[in-house]
Amino acid sequence: MILRSCGDRAILVEYTDLAETMAFFPSLRRTAPEDVEDLVPAARTILVRHNGNSDRVAAWIRAAEPADHATAPITEPVVITVRYDGDDLADVADLTGLTAREVIRAHTEQVWTVAFCGFAPGFGYLVGTDDRLHVPRRSAPRTTVPAGSVGLAGEFSGVYPRSSPGGWQLIGRSDTELWDVARTPPALLQPGTTVRFEQV
Amino acid sequence: MRQLSIVRTGPLCTVQDRGRPGRASFGVGRSGAADIASHDAANRLVGNTAQAATLEVTFGGLALRACFDAVVAVTGASTECAVDGVRQGLYSTIMLPSGATLTLAAPTSGLRNYLAVRGGIDAPTVLGSRSTDTLSGIGPEVVRAGTDLLVGTEHADWPAAEYIPEPLPRSVTTLRVEYGPRDDWFTAEAKATLIQQRWTVSQDCDRVGIRLDGPDPLPRAVAGELASEGMVPGGLQVPPSGKPVLFLADHPVTGGYPVIAVVTTGSMPEAAQLRPGDTVRFHLGRSAQFEP
């Protein structure tokens, strides 16, 4: 891992790949000392925001061990129901060489894991168990993507919690409430949560 | 019931406190007062606890009344504050009698004022904070004419501070920066330009960030895309145009353009007072004095 200074109150930790990042995040979260204000996991990095004791925080980061999957708690995946009628379903079929039905089956068969969140409250970047559905983003992003849209981009799938601009390939829509500020927890998807999609 | 009634506001008036840290991993930013030093000073002047919420007033234009004898303070940008037309001092404790009108004019320098009332603004708490995040919409509604705000009981022993010296306006704002985390994505010329050039604050200036204009843009040394990563307030993020955006309190939680340098925490209160047309320079390194 590489540690990069990010101003006087944060350290950006860079890992080799997404898998390594996902392996370290649970243990950093579990062992975070009082000096640490927040952890922001992303595709290749974890940003550690702290109270100014950068040397102590850096030492803690370097000493962290990756999570041991054998001891990870086994939880039931969250189920997200989807109407697979997205505007880009045909394009995704072309890009993957699958039929539209095979695209849907590939999406619903895999167990997806939330790698990290960001972009908007409640938005989780999901990684699957195989690469059948790895497709590029749209060449021209849409200025508005409807709330609940289910999409694909690169190695990720995701669901837009609310309407926003977006460049992902849209394969369906979901009514599942991903974000409810009054709920505990407010975000349905948090790093490490497993997800299954169900066709309705 | 103790309330403040808002008669009118200027371009933007929001409730702010110290924000909601610790939630970035599910996409929620910290938010909070953009100029945290002025927010804290206002609270101290009315003997509030550190958690109390204030009104963040952007570019003045505020008029409000209290239905009780209120104790208030105004800090931040250089502006005229009056109670029923009688001029009041900034950075000191103001008695606002029941029914009297307090006004804040548009500042002559700086951008944001903080109005604290003894007891704090008792707006609804969302995810642990009363701050309005203008990027995600989380938190209390934006304060408008006709809004009635409850006043709470978040005050401690009286007083915490009787007088706090007002910061002096400067013609050029100098902000301290540290290079990184992605300074290696930029040429040596870009890094030099960042700290040698006079930058001008453009019209694109809000709680999310400030876009800066300058004679020379900041060229990249590395082509290609950066995978999105966590962002911080004070981050100088450089989009393809080469003109940096200085992030403030409501910055996006993650971003896909490289950050060449980050403004230090000690310089952020001044950064939060920048307004369109202001001149900015960046100075390398932290201040020798203690930075809270």
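Every chain is numbered from 1, with letters handed out A, B, ... down the list of sequences. What you see below is based on every heavy atom in this structure, not just the backbone, and it leaves out hydrogens, waters and symmetry mates.
- Taking non-hydrogen atoms and a 4.5 Å limit, the residue list of residues 147-180 of chain A in contact with chain B, ordered by number, reads A:Arg162, A:Trp179.
- Contact detail for B:Val232 and A:Ala10: the closest heavy-atom pair is CG1-CB, 3.8 Å.
- In this view, B:Leu226 and B:Arg182, B:Trp185, B:Glu229, B:Pro258 satisfy the side chain to side chain contact (heavy atoms under 4.5 Å, CB included) rule, not counting sequence neighbours.
- Across B:Ile138 and A:Pro121, no two heavy atoms sit closer than the pair CD1-CG, 3.8 Å.
- When the candidates B:Val253, B:Leu127, B:Asp183, B:Val126 are compared by the number of heavy-atom contacts under 4.5 Å with chain A, B:Leu127 comes out ahead.
- One distance of note links CZ of B:Arg30 with CD of A:Glu37; it measures 4.5 Å at 0.5 Å rounding.
- The environment of CD in A:Gln199 is crowded: more than 12 heavy-atom neighbours from other residues, nucleotides or ligands sit within 6.0 Å.
- Counting heavy-atom pairs closer than 4.5 Å to chain A, the top-ranked of the candidates B:Pro21, B:Ala227, B:Gly235 is B:Pro21.
- Chain B forms more heavy-atom pairs under 4.5 Å with one residue of A:Ala43, A:Ser5, A:Pro185 than with any other, namely A:Ser5.
- In this structure, chain B has a heavy atom under 4.5 Å from the side chain of A:Thr45, while its backbone stays farther away.
- Here B:Pro181 is the residue among B:Gly230, B:Gly234, B:Pro181 with the most heavy-atom pairs under 4.5 Å with chain A.
- Interface residue A:Leu39: only backbone heavy atoms are found under 4.5 Å from chain B.
- Of the atoms belonging to B:Asp184, it is side-chain heavy atoms, and not backbone ones, that fall under 4.5 Å from chain A.
- With a threshold of 4.5 angstrom between heavy atoms, B:Leu135 approaches chain A through N, CA, C or O but not through any side-chain atom.
- In this structure, the side chains of B:Ser25 and A:Phe25 come closer than 4.5 Å at one or more pairs of heavy atoms.
- Dense packing is recorded around OH of A:Tyr15, with more than 12 heavy atoms of other residues, nucleotides or ligands lying under 6.0 Å away.
- Other residues, nucleotides and ligands contribute more than 12 heavy atoms inside 6.0 Å of the CZ atom of A:Arg183.
- Rounded to the nearest 0.5 angstrom, A:Gln190 CD and B:Arg23 CZ are separated by 11.0 Å.
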Problem set entry | Steps toward side chain to side chain donor-acceptor pair (under 3.5 Å) verdict (A:Asp8, B:Thr264) | CA-CA 6 Å; A:Asp8 58 324; B:Thr264 64; 5.4 Å; no
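- Separating the CE atom in B:Met231 from the SG atom in A:Cys6 is a distance of 7.0 Å, to the nearest 0.5 Å.
- When all heavy atoms are compared, the tightest approach of A:Val40 to B:Ala24 is CG2-CB, 3.4 Å.
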